[in-house]
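Computed over heavy atoms, backbone and side chain alike; hydrogens, waters and symmetry mates excluded.
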Amino acid sequence: MSIVMQIKPLVVKALKELYNFDIEEADLTINTTKPEFEGDYTIVLFSFIKSLKRSPEQIGKELGDHLTSQHATIFHAYNVIKGFLNLVISNDYWINFLRTNFLATQFGVKPSNGITVIVEYSSPNTNKPLHLGHLRNNFLGWSVAEILKSNGYEVFKTCVVNDRGIHICKSMIAWQFFANGQTPESTNTKGDHFVGNYYVKFDQEYKQQVNDLLAKGLGKEEAEREAPIMKATQQMLLDWEAGKPEVIALWKKMNQWVYEGFDVTYQTIGSDFDKTYYESDTYIKGKKFVEEGLNKKVFFKKEDGSTWIDLTEDGLDEKLVLRKDGTSVYITQDLGLADEKYKDFQYKESIYIVGDEQNYHMKVLKLILKKLEKPYADGIYHLSYGMVDLPTGRMKSREGTVVDADDLVDEMVGIAAKHTEELGKVAGFTEAELQDLYDTIGLGALKFFLLRVDPKKRIVFNPEESIDFHGFTGPFVQYSHARIKSILRKEKAEPTYKLQSTGLLAAERELIILLEQYPTILEQAAQEHNPSVIAIYIFTVAKTYNTFYAEHSVMNAESADKKQLRLQLSEMTANIIASAMHLLGIKVPERM
RNA sequence: GGUCCGGUAGCUCAGCUGAAUAGAGCAACAGCCUUCUAAGCUGUGGGUCACAGGUUUGAAUCCUGUCCGGAUCACCA
């Protein structure tokens, strides 16, 4: 149990014994002591001075005396400054903590709690390649899933592929019209990029046709409706829904190209899924909800035959759930999919990694499921994340400002290679090891950059400035790990060594206090569904270790005891860095 | 216009279930490699926490209002 969770009941008990005063553990404020004061943890006394009718100094002294005398193994000393009781935890406590945990690669990881959670993330369209926004989604989803796993949840990662609809038909039509039978193979192009090019081509051609029609005197709406390529696309969608064989064949062929491209990208960035859903399979399944909703009088029909739900009492609007022609809309599909996923996984919680532009949609989805009295409605959780914007604003594919995922990864790996070569520390690496190292560092920089920010905040990415490799970055943490490993290759701590209580220097103490907080950080990250908590924490750990490293020698420590202590500290720091970075989907190198 | 989210150092961000003099990184400047990897370390400068009220022993943090930025309110997905 964490030291803070041990202190709390002791304080509650002490206040009861000293003053017959009752307080809940939750109402106690215990912070780490500010560096300018002596102590490890601080109890804030202000909240109960009024009830006790004593001065904070008196309470601090009496509580401090009580704790240090009754629990001398934990509390070594105390001091009171204004309303703050600063507690010094005993060296023996910290040293004992370190000895029992420094080898534990699973430190902080919780045993199974039997609760099933699913995380839906990535969810690409099969008409264009992945871009920077998708990367944030992928990294978030993967990381949140792993964080929940480490907290004992049984987690399944799912992906919904938007593989049908008018936007898919656009690239198909453009390919039919303009490709002359070219393929990814014949043009040596990655499949998703190949198809994406035709999606762009469609847009260009469409604009051209609209302009031509405008020139002929048609109105804007009419021109947009009458453009031949758009009409052909709409016909194709109808043909697809009717199952016309040659359309289905083309659809399958082009989607397959995209999947082959996605597979390469997913492999590179480390995304994986336990189950993939295809919209083409699931888009019909929501329709049965419409009947159910009508029977339960949750939905209603309008005169034109369309079906709606009235959410005005909940502060929202009326929402269409089925078109008058009987085809389903987006929300209908998602209702069906939620049900499908529940059948598959019996989840307690279903997390959707979806951008904040869909906040309204996700709110409606959950609300409708509630009104339909679905048992899983409360478990729907929208992990809403902000857009990745350019300094000039949103990325726009029409204006060619979209930052392509594959390109960006290549660029980051290239920069990692350049830095590594310049530093010249990798003698003896094989070609394969070098490539692996470049991937590790380049992807590490990219993932850390996107995960260190609170998900709900938007991120500004400036393509003119490459992502940093110094300071609050992935490579900084990776580098700290590599330096520790360099020491541990020379000598490891002896697990059986009996450390005498040699005292702890400030740098040692600060580090050990931080390491002890890791399990609490894991809990917080899981509870908040927030990987940035871990990124911030592990940066602090690395930074603190680096300060310690610069001040004190491990190999040439002042005494055998100090050497063992520092080897243990180093080993535990390396383990926690590896563990935390894994939760962010980032590998850590042995050397760099 | 309604709803939701954000506004903290020149820039990018922590801190937001209230607590000590508001913290990091980048950028700038000054130092530190004959000692475990300098992708590192140390120091200096840099803040009306958007603004105005309120609650409180105590507010960047909670409440109200205003201003600014973004998202959304489709028989698109």
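- Picking from B/U57, B/A20, B/C26 the nucleotide with the shortest atom distance to the side chain of A/D468 gives B/C26.
- Comparing B/C36, B/A38, B/A20 by their nearest atom to the side chain of A/Y479 picks out B/A38.
- A/Q527 and A/E523 share no donor-acceptor pair across their side chains, judged by distance under 3.5 Å alone.
- In this structure, the side chain of A/T33 engages the main chain of A/Y41 through a donor-acceptor pair within 3.5 Å.
- Taking atom P in both B/U57 and B/C49, one finds a spacing of 23 Å when rounded to whole Å.
- Taking the C1' atoms as reference points, B/A77 lies 36 Å from B/C11, given to the whole Å.
- Between A/K61 and A/E57 no salt bridge is recorded (no basic side-chain N to carboxylate O distance below 4.0 Å).
- Within 4.0 Å of A/T42, counting heavy atoms only, lies at least one base atom of the nucleic acid.
- In this pair, A/F37 lays its aromatic ring flat on the base of B/A20, centres within 5.5 Å and planes under 30 degrees apart.
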Open item on the list: Evaluate A/K8 against A/E24 for salt bridge (charged side-chain N to carboxylate O under 4.0 Å, His left out), listing each step before the verdict.
Closed with: CA-CA 9 Å; A/K8 282 191 172 179; A/E24 298 287 322; over 6 Å; no
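- In terms of polar N and O atoms assigned as donor or acceptor, the side chain of A/N86 comes within less than 3.5 Å of the base of B/A20 in a complementary pairing.
- Below the 3.5 angstrom threshold, one finds no donor paired with an acceptor across the side chain of A/T540 and the base of B/A24.
- Between A/F299 and A/F289, the ring centre distance reaches or exceeds 6.0 Å.
- Between A/T547 and the phosphate of B/U42, there is a side-chain N or O to OP1/OP2 separation shorter than 4.0 Å.
- A/D27 pairs by the salt bridge (Lys or Arg N to Asp or Glu O under 4.0 Å) definition with nothing, not counting sequence neighbours.
- Judged by centroid separation below 5.5 Å and plane tilt below 30°, A/F46 stacks onto the base of B/A19.
- Set against B/A19, B/A20, B/G6, the side chain of A/K456 has B/G6 as its closest nucleotide.
- For the P atom pair drawn from B/U61 and B/G7, the interatomic distance equals 11 Å after rounding to whole Å.
- Of the candidate nucleotides B/U12, B/U57, B/G40, B/U57 has the atom lying nearest to any side-chain atom of A/K50.
- Cation-pi contact between A/K341 and A/Y352: present, with separation from the ring centre below 6.0 Å and deviation from the ring axis of at most 45°.
- Pair check for B/C49 finds none; no Watson-Crick or G-U wobble contact set falls under 3.5 Å.
- Nucleotides B/C16 and B/G54, compared at atom P, are 26 Å apart to the nearest Å.
- A cation-pi arrangement is absent between A/R452 and A/F539, since the terminal nitrogen or guanidinium carbon is not both under 6.0 Å from the aromatic centre and inside a 45° cone about the axis.
- The pairing partner recorded for B/C62 is B/G54, the criterion being a Watson-Crick or G-U wobble arrangement whose two distances lie under 3.5 angstrom.
- One C1' atom belongs to B/C67, the other to B/A52, and the distance between them is 11 Å to the nearest Å.
- Spacing of P atoms, B/U42 relative to B/C5, comes out at 39 Å, to the nearest Å.
- When the C1' atom of B/C26 is taken as reference, atom CZ of A/F539 falls 11 Å away, rounded to whole Å.
- Spacing of C1' atoms, B/C36 relative to B/U21, comes out at 37 Å, to the nearest Å.
- Stacking between A/F84 and the base of B/A20 is present: ring centres sit under 5.5 Å apart and the planes differ by under 30 degrees.
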Open item on the list: I'd like to compare against my own output: the B/S/- annotation of nucleotides 70-77 of chain B with a strict under-4.0 Å heavy-atom distance to protein.
Closed with: -SSS-BSB
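- Checking B/C5, B/A20, B/A38 against every side-chain atom of A/R483, the shortest atom distance belongs to B/A38.
- Taking a pair to require two hydrogen-bonding distances under 3.5 Å in either a Watson-Crick or a G-U wobble arrangement, B/G31 pairs with B/C41.
- A/H470 has its ring centre no less than 6.0 Å from the ring centre of A/F476.
- Closest contact between the side chain of A/K543 and the listed nucleotides B/C41, B/A19, B/U37 involves B/C41.
- Nucleotides B/A14 and B/G23, compared at atom C1', are 7 Å apart to the nearest Å.
- Across all strands shown, the partner of B/C67 is B/G7, judged by Watson-Crick or G-U wobble contacts whose two distances both fall under 3.5 Å.
- One finds a side-chain N or O of A/K34 lying less than 4.0 angstrom from the OP1 or OP2 phosphate oxygen of B/A20.
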